[in-house]
Amino acid sequence: MDFRSRHVLSIADFTRAEILHILSKTREIETSPRIDMLAGKVMATLFFEPSTRTRLSFEAAMQKLGGRVIGFSDAGSTSTKKGESLADTLRMVEQYADVIVMRHPRDGAARLASEVSRVPIVNGGDGANQHPSQTFLDLYTIAKLFPELTDGSRTLTIAFAGDLRYGRTVHSLLSALCHFRVRLLTVAPRGLEMPQQYLDEAAAAKVEVEVVPSLQDAIDGCDVLYMTRLQEERFPDPLEFDHIKASYRISASMLQAARPQMRILHPLPRVNEIARDVDATTHAHYFAQAGNGIPVRQALIGLILGAL
Amino acid sequence: MAETPSGAQKIRQVEAIANGTVIDHIPSPMTLKVATLLAGPDDQVFMGMNLRSSLLGRKGVVKISGRELTERSVSSLALIAPTASISIIRDYTVVSKNPVPVPSRFEDIARCANPNCVTNHERWSTRFDVVAGKNPLRVRCFYCERSFDAADLTLI
Ligand SMILES: [Zn+2]
């Protein structure tokens with residue numbers, strides 16, 4: 001399987017076999033990193049909107065393999081402010097870099113970039129659309145916890161909770177999970193349910209999706225609980241937000257009946273949706289999940305630069 | 001000979017044209033849009049709306065005198081009225097009648113309805129891929145990956 005010079009734009013561009021290959025290369029690089037694997041290579045990080053978390057993870061991934069990083073971390077410091085088109089910015093940067101990691105506020109910006117750039121583009125988030133390295137790290141995390149995901153020996157039950165309408169990470173993860181033997185549970189406030197487009201996608205892949213009445217039902221019935229943040233700006237009425245916030249909060253006391261192997265994931269940053277007393281339980285796995293971002297991004301960059 | 005064949009009556013729901021193009025089986029609410037889209041400033045256009053149709057319930061018909069459609073017009077028509085048929089008329093006779101060909105991809109025909117789509121902010125072409133058709137025709141923006149009913153898109 002040759003990933004050289006391939007763009008990483010959307011999880012939808014990857015087949016099941018390709019996803020499995022990336023997961024297995026991630027495992028390889030995590031267990032035996034080669035610290036000079038990307039020596040002499042330059043990665044440009046073009047962050048047209050700030051995302052410290054994503055940028056640091058990509059930069060650490062590159063530097064730990066001997067590569068170098070150039071770039072900017074907010075659009076205010078670039079010529080975009082002077083009206084330069086995205087295409088022109090890319091035509092300039094591609095002269096300096098072997099791979100470009102880009103984050104942009106507009107949906108589809110990474111796809112457009114891939115039509116201009118001669119060097120591979122890695123989408124670090126394009127508006128509300130895609131953030132594929134996050135999806136690969138979510139999948140890698142689940143696969144590491146539950147080998148059943150990739151060997152198919154058991155149907156895994158994965159629950160999504162919180163804002164399922166606007167949450168880009170849950171949409172991409174749902175699409176990716178459709179390649180595997182899973183059953184999905186969803187629980188979301190009224191108006192923030194999973195969009196039909198994704199339910200249709202699950203149905204087409206013969207993945208069962210069950211809407212459960214409460215967060216507690218999700219906790220008690222799943223192997224993996226994928227929790228997301230509720231954003232206040234989605235609620236016109238602040239009182240309603242306070243009320244809903246209270247029913248979308250996991251505390252340690254709610255985990256009594258959870259399966260022993262159940263793990264809670266979260267794309268971070270969390271606000272109030274996971275109480276601090278959950279952190280010390282065996283179910284908390286969100287910080288380990290974030291740590292998996294490094295080997296996943298190393299594998300993606302290594303593959304597209306032909307070093308893996 | 002007072003009798004009129006029922007077929008002839010049907011045709012005369014809208015003024016007959018000697019030469020030109022008849023677009024039939026347009027979803028009725030799209031008729032005006034189709035007429036505006038296809039008519040050049042000097043074209044004579046005849047239009048019927050809310051005509052009875054066994055296929056669509058109600059339909060629209062647009063007749064353009066004197067010319068045939070450009071390739072681009074046919075693509076635009078396919079996007080907003082995928083159920084339509086196109087007949088070529090010569091000397092009051094239908095010389096050909098075909099369903100509008102619906103391509104699998106529309107390039108630079110319509111703007112994306114997602115206000116945050118990059119194609120609405122950079123000077124760049126648009127592209128939609130057909131995901132389901134024809135009634136209603138569903139298309140997906142190649143860039144922002146959102147799906148839309150084609151009838152809701154704004155033509156360029
Ligand atoms: Zn779009």
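Below, read A as the first sequence line, B as the second, and so on, with proteins coming before strands; counting in each chain starts at 1. For the numbers below, each heavy atom of this structure counts, side chains included, while hydrogens, waters and symmetry mates do not.
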Atom CZ of residue position Arg4(A) - does it have more than 12 heavy atoms of other residues, nucleotides or ligands inside 6.0 Å?
no
Rounding to 0.5 Å, atoms OH (Tyr143(B)) and CG (Asp126(A)) come to a distance of 12.5 Å
More than 12 heavy atoms of other residues, nucleotides or ligands under 6.0 Å from CZ of Arg138(B): is that the case? yes
Passes side-chain contact (heavy atoms from CB on, under 4.5 Å), Phe142(B) versus Glu115(A)? Steps please.
-> CA-CA 12 Å; Phe142(B) 176 67; Glu115(A) 293 181 315; 3.5 Å; yes
- Query: How about Glu233(A): does its CD atom have over 12 heavy atoms from other parts shown lying under 6.0 Å from it?
  - Reply: yes
Per-residue tally against chain B (heavy atom, under 4.5 Å) across Gly108(A), Ala110(A), Ala128(A) peaks at Gly108(A)
Quiz item: If you measure from the Lys or Arg side-chain nitrogens to the Asp or Glu carboxylate oxygens, is any gap between Arg106(A) and Glu122(B) under 4.0 Å?
Solution: no
The reported gap from OG in Ser147(B) to CD in Gln196(A) (rounded to nearest 0.5 angstrom) is 11.5 Å
Applying a strict 4.5 Å limit to non-hydrogen atoms, the region of Pro105(A) in contact with chain B is backbone
With Asp107(A) as partner, the option from Thr119(B), Asn116(B), Asn120(B) fulfilling side chain to side chain donor-acceptor pair (under 3.5 Å) is Asn116(B)
So CZ of Arg111(A) and CD of Glu145(B): to nearest 0.5 Å the spacing works out to 5.5 Å
The reported gap from CZ in Arg146(B) to CG in Asn129(A) (rounded to nearest 0.5 angstrom) is 7.5 Å
